[in-house]
Amino acid sequence: MKILVVGAGGREHAIVRALKRTWSGDGELEVLCAPGNPGIARDAVCFAAVADDDVDALVDLAREQSVDLVAVGPEAPLVAGLVDRLAQAGIPAFGPTMAAARLEGSKVFSKDVMEAAGVPTAGHSVLRSRDEALAALTDCRYPAVFKSDGLAAGKGVIICPDEAAAREAIEQYFTEQRFGRTDVIFEEFLDGKEVSLLAICDGERALPLMPARDFKRIFDGDRGPNTGGMGSFSPVPEVSEDQIAELSELVHKPIVDEMKRRGAPFHGVLYAGIMLTDDGPKVLEYNVRFGDPETQALLPRLRSALAELMLASTRTGGLEGSTLKASEEAAVTLTLASAGYPESSRKGDVISGLDAIPDGVEVTHAGTAFDAEGHVVTNGGRVLNVTALGVTVAAARAAAYAAAEPIMFDGRQLRTDIAAGV
Ligand code: AMP
Ligand code: GLY
């Protein structure tokens with residue numbers, strides 16, 4: 001069995017490791033990765049010259065290497081139609097087609113599907129111009145929530161405490177076009193605890209994974225701008241083991257049914273970002289792939305064979321009879337980010353302390369590179385993830401912080417309150 005993982009971050013590193021760790025099939029499992037990174041290169045053969053959004057090159061690589069399955073990590077190649085192109089080449093791929101990936105690629109489309117499917121979500125309107133946006137402010141309650149329609153690497157949401165902030169946000173979307181030319185969703189603010197519930201889908205069924213929570217803001221106390229994710233943990237105390245199926249029936253199944261009805265059946269991971277409000281759970285957004293950094297906390301808990309689940313999800317109804325086994329242990333993931341993140345990210349800072357990783361701790365590489373002398377250096381905003389397991393979230397948290405402490409580089413940013421008080 002030969003699997004090509006597409007991507008270059010901590011999520012893909014976690015996928016590579018989990019594929020190998022949970023493999024129980026006949027024969028050897030060979031894992032390749034494009035483009036990968038220096039950490040992934042220790043666990044898989046990497047094709048560093050093949051970018052994760054270069055659809056043509058990825059299809060060529062999958063063909064040349066005669067892979068049995070391509071597992072796509074990030075959203076960009078999914079939205080660009082990588083899975084469709086691989087299907088034309090007769091290569092099974094884990095992830096949705098371009099048509100199904102619109103659930104993440106367009107928030108306007110996603111809201112439309114949610115409404116048609118009867119999934120609870122925040123009330124909203126669509127703003128198509130600066131004038132429409134300014135007009136919306138005449139009747140606006142604060143905090144106000146704005147979201148760019150298209151992909152924005154988790155940074156397209158601006159929550160405005162007052163009118164001055166809302167006016168500034170409108171300039172960012174429509175005048176500066178910080179997220180490109182895009183429509184903007186203007187929606188009701190939801191208050192509560194957030195939970196990410198991911199499900200593996202086969203076009204008909206949704207098999208939920210364990211619930212997780214991620215931390216999006218750069219600073220302690222959930223202050224500062226949104227990032228790609230500064231940490232995560234699983235499970236979450238607000239969703240018990242026996243509530244998972246019920247929550248999945250509410251947020252995944254109706255979407256899978258609706259997408260099938262629309263002729264764009266959903267295969268791969270459907271990620272529901274949920275707010276647990278006083279009026280019940282409401283969906284904030286869908287992603288069409290594994291979450292980053294939730295995956296780094298979720299997969300070390302997985303006890304089912306990931307490769308088999310991925311293969312089954314590519315076939316309509318293929319997950320029938322599949323179950324998902326998870327360790328009772330909790331997991332906490334920390335992100336070590338580079339100087340300047342998220343506005344910028346400083347590259348080239350030498351990372352020390354990577355040689356003494358304690359047993360049971362997983363360090364995944366997100367944004368690293370080798371410098372000319374062969375040192376591992378920072379090469380992106382999120383640099384490394386450190387994940388530890390423990391009997392409780394508190395125990396996993398203590399182990400994760402203890403393991404992260406000695407891993408140093410200039411300007412290292414590490415939130416100190418990930419999974420605190422859980
Ligand atoms: P999204 O990319 O839609 O998940 O939004 C990023 C983050 O912004 C979410 O994880 C929430 O923390 C926050 N957020 C998004 N929409 C809302 C909302 N309607 N009310 C409150 N917070 C929100
Ligand atoms: N953790 C949020 C995301 O992957 O989009």
Side-chain angles (χ1 to χ4, degrees), residues 7 9-12 14-15 72-76 78-79 95 101 103-111 114 119-125 140-161 166 169 179 182 184-198 209 211-218 221-234 236 251 268-279 281-299 333-335 337 342 366 381-382 385 418:
R11 164 184 48 209
E12 288 75 27
I15 291 171
V72 187
E75 58 275 19
L78 294 168
V79 172
L103 279 172
E104 176 163 1
S106 165
K107 288 195 190 276
V108 174
F109 175 79
S110 174
K111 281 285 194 186
M114 281 189 246
V119 170
T121 182
H124 80 287
S125 57
C140 177
R141 277 202 248 153
Y142 295 95
V145 181
F146 297 92
K147 303 183 173 184
S148 65
D149 178 46
L151 293 182
K155 297 169 195 159
V157 177
I158 306 181
I159 298 180
C160 305
F179 306 103
T182 177
V184 172
I185 296 257
F186 172 49
E187 75 176 26
E188 176 196 1
F189 178 81
L190 300 177
D191 209 6
K193 292 261 191 187
E194 276 188 65
V195 53
S196 306
L197 191 65
L198 285 62
L209 281 88
R213 175 165 301 138
D214 71 342
F215 294 79
K216 293 202 169 71
R217 306 294 196 96
I218 183 73
D222 284 331
R223 288 177 304 110
N226 271 336
T227 69
M230 293 300 291
S232 61
F233 68 94
S234 172
V236 303
V251 302
V269 173
L270 183 60
Y271 164 132
I274 302 161
M275 190 71 89
L276 302 171
T277 75
D278 290 343
D279 298 332
K282 295 192 180 180
V283 172
L284 293 169
E285 64 157 351
Y286 287 106
N287 295 321
V288 298
R289 45 156 181 92
F290 276 116
D292 192 345
E294 288 94 329
T295 304
Q296 290 86 313
L298 285 173
L299 292 185
T333 296
L334 308 174
T335 298
R382 292 182 294 165
N385 292 119
I418 302 301

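Note that ligands are numbered from 1 as they come in the structure, with each ligand's atoms numbered from 1 the same way. Computed from a predicted structure; not experimentally measured.
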**Message:** Tell me whether D214 has any N or O atom under 3.5 angstrom from an N or O of ligand 2.
**Reply:** yes
For this session: Flag E285 as yes when one of its N or O atoms lies below 3.5 Å from any N or O atom of ligand 2, and as no otherwise.
Result: no
Contact region, D191 to ligand 1, non-hydrogen atoms below 4.0 Å, reads neither
At under 4.0 Å between heavy atoms, what of E188 touches ligand 1? The answer is backbone
Residues at least two apart in sequence or cross-chain that pass salt bridge (Lys or Arg N to Asp or Glu O under 4.0 Å) with R11, listed by chain then number, are none
(request) Give a yes or no on whether a salt bridge exists between E187 and K111, defined as a side-chain N under 4.0 angstrom from a carboxylate O. (result) yes
Show me which atoms of ligand 2 lie under 4.0 Å from any heavy atom of [X].
| X | value |
| --- | --- |
| R289 | 3 (C), 4 (O), 5 (O) |
| G291 | 4 (O) |
| N287 | 3 (C), 5 (O) |

Hits for side-chain contact (heavy atoms from CB on, under 4.5 Å) against S148, two or more places apart or cross-chain, chain-then-number order -> A152, Y173, F179, T182
If I apply the N/O under 3.5 Å rule, does K216 come out as touching ligand 1?
yes
Do any nitrogen or oxygen atoms of L190 lie less than 3.5 angstrom from nitrogen or oxygen atoms of ligand 1? yes
